[in-house]
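Every chain is numbered from 1, with letters handed out A, B, ... down the list of sequences. FYI, side chains are in, hydrogens and waters are out, and symmetry mates aren't considered; it's all heavy atoms of this structure.
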Amino acid sequence: MKQDKKKTAKTLEGYYAAMLASFGPQGWWPGKTRFEMMVGAVLTQNTAWTNVEKAIGALRKEKLLTPERMHAVEEGELASLIRSAGYFNIKARRLKNLTARLLENSGLDRFLRKDSSGLRGELLSINGIGPETADSIMLYAAGKSEFVVDAYTKRIFTRHGLIEENAGYEEVKALFMDNLAPDAAVFNEYHALIVRTGKDYCRTKTPLCGECPLKGFLPAGR
DNA sequence: GCCCAGGTGTTTC
DNA sequence: GAAACACATGGG
């Protein structure tokens, strides 16, 4: 099925081109430093980014946006500062788990320099970091070419019939990893464009397919 | 008042 | 394994 694979690659490139033409580059990740980016990745779990921004603002005000400072602060205080991001008790614990691991590894720099498979395994072994958060950190903080799959990715591409309804994370990720050249800059922009498209046109309740930049790719009858 | 948002861990069949 | 549930705020 070599021909089939080539066709899939063309299709995925078409989606990318259409979104890029419609929205332009998204300039992700919206964070000043790599650590801030990692914090944002945890805080945005199942949460709107607008709520995350407020929490990060509070952390910045308290000068806690370094692994050392954040790890030193009391967990209850950390939780109250990130209250606006929701799940604040759980997320405070998760941030602590992350900073602990960074310090154990002689800092963020050394940690992110690990080779890809080692880094991903290490991230996944931290309680509170699952596949999406791990891949986000790999791609946006470490610059590794890992494709990030989120709820919008699943929704858009199942709707378009390119993945099964019940496909798991790794299965969806493989669609992109197996059919696109590994390029961190492209993966970065691709994921950001998917989120943008999902937010604007592919909400669960009120899809706006008629105006979506991807409407030309919708299979007939959908 | 209800639904949803850039998930993940735990519990339970 | 995989389904069901808990975790929580803020905007539409």
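Summarising the local packing, CD of Glu164(A) is surrounded by 12 or fewer heavy atoms from other residues, nucleotides or ligands at distances under 6.0 Å. Environment of CZ in Arg34(A): crowded, with over 12 heavy atoms of neighbouring residues, nucleotides or ligands closer than 6.0 Å.
Atom C1' of nucleotide dA5(B) and atom CD of Glu53(A) are separated by 14 Å, given to the nearest angstrom. The interatomic distance linking Leu98(A) (CG) with dG7(B) (P) rounds to 18 Å, in whole Å. Between Leu43(A) atom CG and dT8(B) atom P there is a gap of 13 Å when expressed in whole angstrom units. Atom-to-atom, NZ of Lys173(A) to C1' of dG7(B) comes out at 16 Å; the value is rounded to the nearest Å. Rounded to whole angstrom, the span from the CG atom of Asn97(A) across to the C1' atom of dG9(B) amounts to 11 Å. Atom NZ of Lys96(A) is separated from atom C1' of dG9(B) by 20 Å (rounded to the nearest Å).
Nucleotides dA8(C) and dT11(B) have their P atoms positioned 16 Å apart, rounded to a whole Å. Using atom P as the reference point in both dC5(C) and dC3(B), the two lie 16 Å apart (nearest Å).
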Show the numbers, then the answer: is there a salt bridge (Lys or Arg N to Asp or Glu O under 4.0 Å) between Glu170(A) and Arg120(A)? CA-CA 13 Å; Glu170(A) 298 298 336; Arg120(A) 192 162 196 270; 3.1 Å; yes
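Looking at residues 116-129 of chain A, you'll see Ile126(A), Asn127(A), Gly128(A), Ile129(A) sit with a heavy atom under 4.0 Å from some atom of DNA chain B.
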Could you run down nucleotides 6-12 of chain C 5' to 3' and tag each one B, S or - for protein heavy-atom contact under 4.0 Å? -BBBSS-
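For Gln45(A) and Thr133(A), the side-chain atoms include at least one donor-acceptor pair closer than 3.5 Å. Tyr15(A) and His160(A) share a donor-acceptor pair across their side chains, judged by distance under 3.5 Å alone. Between the side chains of Lys6(A) and Asn179(A), not a single donor N or O lies within less than 3.5 Å of an accepting N or O.
At least one side-chain nitrogen or oxygen of Thr133(A) sits closer than 4.0 Å to the OP1 or OP2 atom of dT8(B). In this structure, Arg155(A) does not reach the dC4(B) phosphate: none of its side-chain N or O atoms is under 4.0 Å from OP1 or OP2.
Between Phe111(A) and Phe35(A), the ring center distance fails the sub-6.0 Å criterion.
Tested against Phe147(A), the residues Tyr190(A), Tyr140(A), Tyr169(A) include a single ring-ring contact (aromatic ring centres under 6.0 Å, His included) partner, Tyr190(A).
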Which atom pairs, donor and acceptor, lie under 3.5 Å between side-chain atoms of residues 199-220 of chain A and protein residues at least two apart or in another chain?
unit_1, atom_1, unit_2, atom_2, d
Asp200(A), OD2, Arg196(A), NE, 2.9
Arg203(A), NE, Lys199(A), O, 2.9
Lys215(A), NZ, Gly210(A), O, 3.3

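Nearest-nucleotide positions on DNA chain B for Ala134(A) and Arg203(A) put Arg203(A) closer to the 5' end.
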